[in-house]
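I have placed the structure first, in the form of structure tokens, so that the comments after it can refer back to it.
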Amino acid sequence: MSLLATHGLRVDIGGKRIGGDLDLRIDPGECWAILGANGAGKTTLLHTLAGLRAPATGEITLDGRPLGAWSRREIACRLGILLQDSEDPFPATVLETALIGRHPHIGPWQWEGPDDREIARAALHEVELGDFEHRGVDTLSGGERRRLALATLRVQDPRVSLLDEPTNHLDLHHQIRLLGQLRQRAQEQSGALLMALHDVNLAARFCDHALLIFADGEVLHGKAGDLLRADYLTCLYHHPIEEVASNGHRAFLPA
């Protein structure tokens, strides 16, 4: 059974149609990239898949049930979303922020317990923020705040993770390390990732499937090896793209 699927999905935004009659299946262990130029609709599609906005037509299913049949708490235990930017309107420490990820798993009148704190501390250690738990969030750099957002999603522990530009503000080391961790965890726990990315080379390195959103709203989806090609990417980004190979890896460069 697919973890997340769409049936005849269409998303409309600003008079533009995205993916008319989109039938998509995201199965356990898969890592998907969503690619497209600025304004193509990557974020809008992710928000729709998360149930944050309604589709124009079609249906989304989570674990085989319509998304609307689940409560928001039930959805949050199974599906998590990393937004493009993080906002911190109230003062909080790094540990307090990471613990937000446990909220779907505890009762409405319960506080986080020792086990929840252990999970949060382990997640902070994974993103190299283990020594930051008492720091105020407002003292973090952009990259540190992004790593904290990824740790909070890890604390939530959903099987399906929707990630909107997960590498925002991250240096090269953390891009490779954290995307590798996310993919490995999804594969080991029969979960799935769906990531909106700007870097085609990160998509080629970490994703086995791809969804391309073109300027006219048309969508192609399938195996990354079939879709990450110079001709498709040239059309996608309206700029000539060349493919090069080195040490068994493919890379795509602007001509």
Side-chain angles (χ1 to χ4, degrees), residues 1-13 17-34 36 41-84 99-110 112 115-116 119 123 149-150 152-166 182-197 207-213 217 219-224:
M1 179 187 299
S2 297
L3 297 178
L4 186 68
T6 68
H7 310 278
L9 185 73
R10 193 187 85 210
V11 177
D12 290 342
I13 180 171
R17 182 201 69 186
I18 301 171
D21 299 325
L22 175 63
D23 293 324
L24 184 67
R25 293 171 53 96
I26 301 174
D27 294 326
E30 292 180 346
C31 183
W32 284 73
I34 301 179
K42 302 183 294 297
T43 293
T44 300
L45 178 59
L46 280 179
H47 287 187
T48 304
L49 294 175
L52 301 180
R53 61 171 291 148
T57 60
E59 182 182 57
I60 301 166
T61 59
L62 177 64
D63 284 344
R65 290 177 57 192
L67 195 62
W70 300 98
S71 70
R72 290 309 308 181
R73 180 181 292 272
E74 289 173 328
I75 291 173
C77 287
R78 295 163 175 81
L79 183 149
I81 183 167
L82 179 76
L83 300 176
Q84 194 171 115
L99 281 167
I100 292 172
R102 295 306 299 161
H103 289 180
H105 303 281
I106 61 179
W109 304 110
Q110 291 180 312
E112 303 92 347
D115 290 344
D116 300 308
I119 291 170
L150 287 165
T152 304
L153 184 67
R154 161 71 177 84
V155 172
Q156 184 181 340
D157 196 28
R159 286 191 70 192
V160 180
S161 294
L162 308 179
L163 310 170
D164 196 356
E165 296 297 338
L182 288 166
R183 181 180 65 176
Q184 181 179 359
R185 185 172 181 81
Q187 292 173 342
E188 291 176 348
Q189 297 193 346
S190 296
L193 302 174
L194 183 61
M195 306 187 288
L197 295 168
C207 298
D208 44 61
H209 289 74
L211 187 152
L212 311 183
I213 305 178
V219 171
L220 286 179
H221 61 90
K223 292 185 177 181

Next on the checklist: Within the structure provided, determine whether Trp70 and Leu62 are in side-chain contact (heavy-atom separation under 4.5 Å).
Outcome noted: yes
Checklist outcome for this item: Cys77 and Pro104 have their tightest heavy-atom pair at SG-O, 3.3 Å
Item to check | Asp115 vs Arg102, salt bridge (charged side-chain N to carboxylate O under 4.0 Å, His left out): CA-CA, chis, key distance, verdict | outcome: CA-CA 10 Å; Asp115 290 344; Arg102 295 306 299 161; over 6 Å; no
Item to check | Lys42 side chain to Asp164 backbone, donor-acceptor under 3.5 Å | outcome: no
Checklist entry - With a 4.5 Å limit on heavy-atom distance, are the side chains of His7 and Ile60 in contact? => result no
Checklist entry - Is there a side-chain contact between Met195 and Leu162, using heavy atoms and a 4.5 Å cut-off? => result no
Item to check | CG-CG distance between Leu9 and Leu45, expressed to the nearest 0.5 angstrom | outcome: 7.0 Å
Checklist entry - Do side-chain atoms of Arg78 reach the backbone of Glu74 as a donor and acceptor pair under 3.5 angstrom? => result yes
Item to check | Separation of Leu99 CG from Ile119 CD1 (nearest 0.5 Å) | outcome: 9.5 Å
Checklist entry - Thr6 side chain to Leu24 main-chain N or O, any donor-acceptor pair under 3.5 Å? => result yes
Next on the checklist: In the structure I gave you, are the side-chain heavy atoms of Pro158 and Leu153 within less than 4.5 Å of one another anywhere?
Outcome noted: yes
Checklist entry - What are the two closest heavy atoms between Ala50 and Ile81, and how far apart are they? => result CB-CD1, 3.9 Å
Next on the checklist: Just so I know, are the side chains of Leu3 and Leu79 near enough to count as touching, which here means a heavy-atom distance under 4.5 Å?
Outcome noted: no
Checklist entry - Is the closest side-chain heavy-atom distance between Leu194 and Ile34 below 4.5 Å? => result yes
Checklist entry - Below 4.5 Å, heavy atoms only, C-beta onward: do Asp208 and Glu30 meet side chain to side chain? => result yes
Next on the checklist: Test side chain to side chain contact (heavy atoms under 4.5 Å, CB included) on Asp116 and Ile106; report intermediate values, then the result.
Outcome noted: CA-CA 9 Å; Asp116 300 308; Ile106 61 179; 3.9 Å; yes
Checklist entry - So, Gln84 and Thr43: side-chain donor and acceptor under 3.5 Å apart, yes or no? => result yes
Item to check | Side chains of Gln156 and His105, donor plus acceptor under 3.5 Å | outcome: no
Checklist entry - Could you give the distance from CG (Leu197) to CG (Leu163), rounded to the nearest 0.5 Å? => result 8.5 Å
Checklist entry - Do His209 and Lys223 have side-chain heavy atoms sitting under 4.5 Å apart? => result yes
Checklist entry - Which heavy-atom pair separates Arg159 from Gln189 by the least distance, and what is that distance? => result NE-O, 4.1 Å
Item to check | Heavy-atom closest pair, residues Ser2 and Asp27 | outcome: OG-OD1, 2.6 Å
Item to check | side chain to side chain contact (heavy atoms under 4.5 Å, CB included) evaluation trace for Ile26 with Trp32 | outcome: CA-CA 8 Å; Ile26 301 174; Trp32 284 73; 3.9 Å; yes
Checklist outcome for this item: Closest heavy-atom pair, Val219 versus Ile18, reported as atoms and distance to 0.1 Å, is CG2-CG2, 4.5 Å
Checklist entry - Can we say Asp23 and Arg25 salt-bridge, meaning some charged N sits less than 4.0 Å from an Asp/Glu carboxylate O? => result no
Checklist entry - For atom CZ of Arg17, is the number of surrounding heavy atoms from other residues, nucleotides or ligands below 6.0 Å larger than 12? => result yes
Checklist entry - Yes or no on side chain to side chain contact (heavy atoms under 4.5 Å, CB included) for Val155 and His103, after CA distance, side-chain angles and deciding distance? => result CA-CA 10 Å; Val155 172; His103 289 180; over 6 Å; no
Next on the checklist: Walk me through whether Leu83 and His47 qualify under side chain to side chain contact (heavy atoms under 4.5 Å, CB included).
Outcome noted: CA-CA 9 Å; Leu83 300 176; His47 287 187; 3.8 Å; yes
Item to check | Distance-minimising heavy-atom pair for Ala123 and Arg154 | outcome: CB-CG, 3.6 Å
Checklist entry - Is Arg53 paired with Asp12 through a side-chain N to carboxylate O contact shorter than 4.0 Å? => result no
